[in-house]
Amino acid sequence: MPEPADEITINPFRRRPGAADRIDKHRLPAEGMSPAAARDVVRDETMLDGNARLNLATFVTTWMEDEAKELYADAFDKNMIDKDEYPQTAAIEQYCQEMIADLWHAPDPAAAPTTSTIGSSEACMLAGIALKRRWQHRREAQGADTSKPNLVMSAAVQVCWEKFCNYFEVEPRLVPISAEHPTLDGSQLNDYVDEHTIGVVGILGVTYTGAYEPIADLQQALDTIAQQRGLDIPIHVDAASGGMIAPFLQPELEWDFRLPRVASINTSGHKYGLVYPGLGWVVWRDRDALPESMIFRVSYLGGETPTLALNFSRPGAQVLLQFFLFLRLGRSGYETVQGESQQVAQHLAAEIGAMPAFELISDGSTIPVFAWRQVAGHTDKWDLYDLSDRLRMHGWQVPAYPMPDDLAEVTVQRIVVRNGLTMDLANELLAVIAAQVAYLDNLTAPLPKRTTSHAFTH
Ligand SMILES: *Cc1c(COP(=O)(O)O)cnc(C)c1O
């Protein structure tokens, strides 16, 4: 196959006399071009990106209303860090923070330390650092060793937690998942925690399957450990997706600050917060949960601004979009939108689970995400990677991937239902799946085996 070209050809309509009509892709061009020509080149280059609405791999928002787009365009230039220049954007960030802290039952939402971030990954880094710092302070006060911190979590954590451990030098203690213990359920915690444990991460919405880890059970296990071994270990809840689902669809479920061991919670505003990419949130229970030493007071932009972030400059527009959505939807609107995504997910899950080739691993009753596997012995002609390829040919991105570590021999396929995947589109998808399964079942010889698929967006 020929390599992709190293040069970009400028459309003859857009060429200027005397200017180059071919440009090296890898070097800054010597001369510029007209804005129309530059825009066309960028559009042409990105034309082969997928249709985001048909991407059922990602959790991240791909559709917002026109009014949100207008607001976004008004606010492209706002820098979130510049609270002196944009005090109203900073005030709106504070309103959002209090609304979220309240949704998650913080004891005093106005006093709960909170910040917006670029996404859940940054939020998790900050929460992880806070856990580590608190543990260090406690140990130092006792004159105890602080050189070997560890963090306990499921082997099915999102990659941001492995990054946190790598970047901030904390030993990751990954509790394997198995057929018997498909999520971190507390039953094995006693074997994993010790005096060097800075915290336990519980996941609300495991990326592989959508399952909720039972945070109340984790608390109970840690309470028993506290009584028997004197170890007082806090919980961080990674609610990247579930933090904006559970308050609306499972309001009775106790997973948040109602549980006293929960020290901090993050969510992605750009997942089920329904905002375009570039927004996360993290909330700590109270001032005791966030060491004061993590807050910087900077004065370069005029005024003294407390900051708690890994980044400095970052877009402020997404914060305004979150506020727009809170006003636009209110509690009942979020219930309706998330409820509809859940109905679509449960409909798809029921139909796919009823196909003889498949069995469900989860059914969309937590977050609107579900996964399935091929029924053992169904066929040796094809597997879920092949089905993923066939669906891709029809424009749908439905990833197949192995489960983590101990379950790595199990291949699953997953659908993330986001607002915008209507029941009509879901039924179109079901028809394509049925037709492609029939095609694959009718092959006369097995397809070659592979172990990777196009896309698995965590
Ligand atoms: C998506 C996700 C993350 C990472 O979030 P970003 O907002 O993409 O940085 C972390 N944890 C879980 C459970 C996730 O689903």
Side-chain angles (χ1 to χ4, degrees), residues 59 94-117 119-120 123-124 126-128 130-131 134 152-154 157-158 160-161 183-186 189 199-207 210-223 232-269 271-274 279-290 322 326 329-332 334-335 338-339 342 365-369:
F59 284 80
Q94 182 63 30
Y95 307 149
C96 291
Q97 289 172 175
E98 288 179 31
M99 289 183 191
I100 294 170
D102 180 54
L103 267 185
W104 295 342
H105 301 95
D108 180 355
T114 314
T115 186
S116 68
T117 59
S120 275
C124 293
L126 294 171
L131 290 176
R134 282 174 70 202
V152 175
M153 53 204 163
S154 151
V157 282
Q158 210 267 355
C160 72
W161 289 105
T183 56
L184 183 71
D185 56 15
L189 274 184
V200 169
V201 175
I203 316 168
L204 209 70
V206 174
T207 50
Y212 284 169
E213 291 187 335
I215 312 297
D217 294 352
L218 299 183
Q219 162 159 299
Q220 201 166 29
L222 290 171
D223 283 349
D232 186 15
I233 299 173
I235 297 175
H236 173 82
V237 184
D238 178 356
S241 51
M244 290 302 287
I245 292 287
F248 305 112
L249 298 189
Q250 298 96 10
E252 306 304 323
L253 180 72
E254 298 210 341
W255 63 276
D256 54 13
F257 294 117
R258 281 168 286 182
L259 302 173
R261 264 186 204 281
V262 172
S264 46
I265 303 173
N266 68 277
T267 198
S268 296
K271 291 185 175 173
Y272 289 106
L274 308 176
L279 186 63
W281 300 98
V282 52
V283 180
W284 286 268
R285 163 181 294 280
D286 51 30
R287 285 185 195 286
D288 289 346
L290 177 72
Q322 184 79 80
F326 286 165
L329 293 176
R331 193 179 274 270
S332 69
Y334 267 96
E335 281 166 13
Q338 317 296 40
Q342 182 162 61
S365 57
T366 52
I367 52 176
V369 170

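Basis for what follows: all heavy atoms, side chains included, without hydrogens, waters or symmetry-related copies. For the single chain, residues carry numbers from 1 onward in sequence order.
- Between the side chains of Gln342 and Gln338, no donor N or O sits under 3.5 Å from an acceptor N or O.
- Taking the ring pair (Phe, Tyr, Trp, His ring centres under 6.0 Å) definition, one finds that Trp161 meets it with His236, sequence neighbours left out.
- Proximity of a side-chain donor or acceptor of Glu254 to a complementary backbone N or O of Ala216 within less than 3.5 Å is not detected.
- At least one donor-acceptor pair under 3.5 Å links the side chain of Arg285 to the backbone N or O of Val262.
- For Asp232, the side chain to side chain donor-acceptor pair (under 3.5 Å) partners two or more places apart in sequence, or in a different chain, are Arg261.
- Considering only heavy atoms from C-beta on, Asp223 comes within 4.5 Å of Gln219 through its side chain.
- Under the 4.5 Å side-chain criterion, counting only non-hydrogen atoms from C-beta, Val200 is in contact with Leu222.
- The aromatic rings of Phe248 and Tyr334 sit parallel to each other, their planes meeting at less than 30°, with 60° as the upper class boundary.
- A distance-only check finds no donor-acceptor pair linking the side chain of Glu98 to the backbone of Pro109 [under 3.5 Å].
- Residue-environment remark: CZ (Arg287) stays at or below the threshold of 12 foreign heavy atoms within 6.0 Å.
- Without hydrogens or angle criteria, Thr267 side chain to Ala240 main chain gives a donor-acceptor distance under 3.5 Å.
- Residue pairs meeting the side chain to side chain donor-acceptor pair (under 3.5 Å) criterion with at least one partner in residues 241-252, sequence neighbours excluded, are Tyr212-Gln250.
- Side-chain contact between Leu259 and Ile235 is absent, with no heavy atoms from C-beta onward closer than 4.5 Å.
- A donor-acceptor pair is defined here as one N or O able to donate and one able to accept, closer than 3.5 Å; no such pair exists between the side chain of Ser154 and the backbone of Leu184.
- Inter-residue side-chain proximity for Trp284 and Leu126 is flagged as met; some heavy-atom pair is nearer than 4.5 Å.
- Atom CD of Gln220 is surrounded by 12 or fewer heavy atoms from other residues, nucleotides or ligands within 6.0 Å.
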